[in-house]
Amino acid sequence: MQYDYLICPKCWDKLIEVKEDEDWQRKCSKCGTRFGFALHGKKIDDSTYHSIILEYREKLDDMRISSIRNKLKNVHLDADNLMRAISDGKQGDIIYEGDSFHTYLFAKVFSGYEPWIEFEIVPKFPYEIGEPDIFFCPECGEEADNRTEPFEDIKGWFIDGLFCRHCNKWTLGPIAKRDTAVYNLAFPYKKIKSMSDSSIKRGLMNRLEKVPDKKTEGDQMIVHTNSERIIEIVPCLKSLDLAYEIEPPFPHKIE
């Protein structure tokens, strides 16, 4: 059986075990910060201790040394002793020993520095390590929000990522993703059929022919389709001065 563990990315004081059906949006009782994903794997045994052995080390420049030192202090590990052990250590030396929680903190700090320094964890650390502080802006430290908004460059798509309202900028992403929702578009079809022939009417009828899922109810037609088709059909309805309704509310701009 696999388990997930959360942690407060400000306090860094303990791991919180959660189950699939539990609320992952819980907040720290000490500081009110939202918990972040820390570990995934087997159930943690508090009696298991790990040795962290130096495997490889390049000369670290002052900027990386300062960054590592700050990260160690942030998670409440002894930065002075650890940096001294790494500086004086040779391949095969034990740099640190700790339980699963403190081994996780150590591994989290040094994640991303593998081109310059690598460690072996004995016994092997059997967990997928997450990024619990991903929801915080790296510049100001404020919590970033999930944001999804219409992508103006590709009709019917969204851009999605994490956004810092304090800095007014994306902190992660955004990435483009297709709107997969199905929308119901209703409009007065009988009125269209009674209109005289025109290029706009022919364009609308051609677009409707391409939509397989549609039905007529009284004077209306109801079309069930994706956002791209909605964006193609609605301008024709507007040009014919016809009212229409879209459910659920349509998030994209229609020109």
Side-chain angles (χ1 to χ4, degrees), residues 1-52 63-83 85-86 95-114 117 119 121 123-148 160-175:
M1 183 175 179
Q2 300 290 292
Y3 293 82
D4 291 304
Y5 293 88
L6 309 181
I7 196 168
C8 172
K10 281 196 173 180
C11 296
W12 300 99
D13 56 348
K14 61 182 177 180
L15 293 168
I16 308 294
E17 181 184 315
V18 292
K19 299 176 182 177
E20 289 185 2
D21 58 347
E22 289 185 327
D23 180 14
W24 281 48
Q25 299 299 316
R26 288 182 296 173
K27 295 186 177 182
C28 176
S29 59
K30 291 183 179 179
C31 68
T33 301
R34 177 172 50 175
F35 288 125
F37 170 63
L39 292 174
H40 173 78
K42 69 177 187 178
K43 189 174 181 64
I44 288 179
D45 182 352
D46 292 332
S47 66
T48 301
Y49 267 68
H50 299 267
S51 297
I52 297 176
M63 182 180 70
R64 291 190 177 90
I65 289 173
S66 176
S67 175
I68 292 171
R69 184 180 293 276
N70 289 336
K71 289 182 177 181
L72 288 168
K73 290 179 178 179
N74 188 47
V75 299
H76 314 302
L77 293 178
D78 191 335
D80 291 335
N81 284 336
L82 284 172
M83 294 306 291
I86 290 170
I95 300 300
Y96 184 72
E97 291 181 295
D99 58 15
S100 295
F101 169 55
H102 290 90
T103 300
Y104 157 70
L105 295 177
F106 187 100
K108 173 69 177 67
V109 166
F110 285 93
S111 176
Y113 290 98
E114 289 82 3
I117 187 167
F119 303 95
I121 302 177
K124 183 178 179 180
F125 199 56
Y127 300 99
E128 172 192 342
I129 297 177
E131 297 289 339
D133 44 359
I134 198 171
F135 291 101
F136 288 87
C137 176
E139 293 190 12
C140 71
E142 293 294 320
E143 189 169 350
D145 299 320
N146 289 108
R147 175 173 289 196
T148 302
D160 181 76
L162 293 175
F163 189 86
C164 176
R165 287 180 290 180
H166 181 265
C167 297
N168 195 34
K169 64 187 295 185
W170 297 95
T171 64
L172 183 67
I175 61 170

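Numbering of residues begins at 1 and proceeds along the displayed sequence.
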Considering only residues two or more places apart or on different chains, which pairs with a residue in residues 43-52 satisfy salt bridge (Lys or Arg N to Asp or Glu O under 4.0 Å)?
Glu17-Lys43

Does the Thr103 side chain pair with the main chain of Gly98, one donor and one acceptor, at a distance under 3.5 Å?
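Checked: pair present.
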
What is the distance from atom [atom1] of [X] to atom [atom2] of [Y], rounded to the nearest 0.5 Å?
X	Y	atom1	atom2	result
Arg165	Asp145	CZ	CG	4.0 Å
Asp99	Ser47	CG	OG	10.0 Å
Ile86	Tyr96	CD1	OH	12.0 Å
Asp4	Phe37	CG	CZ	5.5 Å
Ser51	Glu97	OG	CD	4.0 Å
Asp160	Ile175	CG	CD1	6.0 Å

Contact check, side chains of [X] and [Y], non-hydrogen atoms, under 4.5 Å:
X	Y	result
Cys28	Phe35	yes
Leu82	Val109	no
Glu131	Lys108	yes
Phe163	Leu172	no
Trp12	Asp133	yes
Leu39	Ile129	yes
Tyr104	Ile7	yes
Arg26	Val18	yes

Pairs meeting criterion side chain to side chain donor-acceptor pair (under 3.5 Å) with involvement of residues 28-38, two or more places apart
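Every side chain to side chain donor-acceptor pair (under 3.5 Å) pair that includes a residue of residues 28-38, provided the two are not neighbours, is Asp13-Lys30, Gln25-Arg34, Arg34-Glu143.
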
Any donor-acceptor N or O pair under 3.5 Å, side chains Tyr127, Ser100:
no

For [X] and [Y], work out which heavy atoms get closest and say how close.
X	Y	answer
Gly32	Lys27	O-CD, 3.3 Å
Glu114	Ser111	OE2-CA, 3.7 Å
Gly36	Pro9	N-CD, 4.2 Å

Check Ile44, Leu105, Leu6 against Leu15 for a side-chain contact (heavy atoms from CB on, under 4.5 Å) and give me the one that passes.
Ile44

Would you please indicate if the ring centroids of Phe119 and Phe106 are separated by under 6.0 Å?
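Phe119 vs Phe106: aromatic centres under 6.0 Å.
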
Test side chain to side chain contact (heavy atoms under 4.5 Å, CB included) on Asn146 and Leu162 and set out the steps.
CA-CA 5 Å; Asn146 289 108; Leu162 293 175; 3.4 Å; yes

Mind listing the side-chain donor-acceptor pairs of residues 69-76 below 3.5 Å, one per line with the distance, residues two or more places apart or on another chain?
from  : atom 1 : to    : atom 2 : distance (Å)
Arg69 : NH1    : Asp80 : OD1    : 2.7
Asn70 : ND2    : Ser66 : O      : 3.2
His76 : NE2    : Cys11 : O      : 2.8

For the residue pair Tyr3 and Tyr5, categorise the inter-ring angle as parallel (less than 30°), tilted (30 to 60°) or perpendicular (more than 60°).
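Tyr3 vs Tyr5 ring planes: tilted.
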
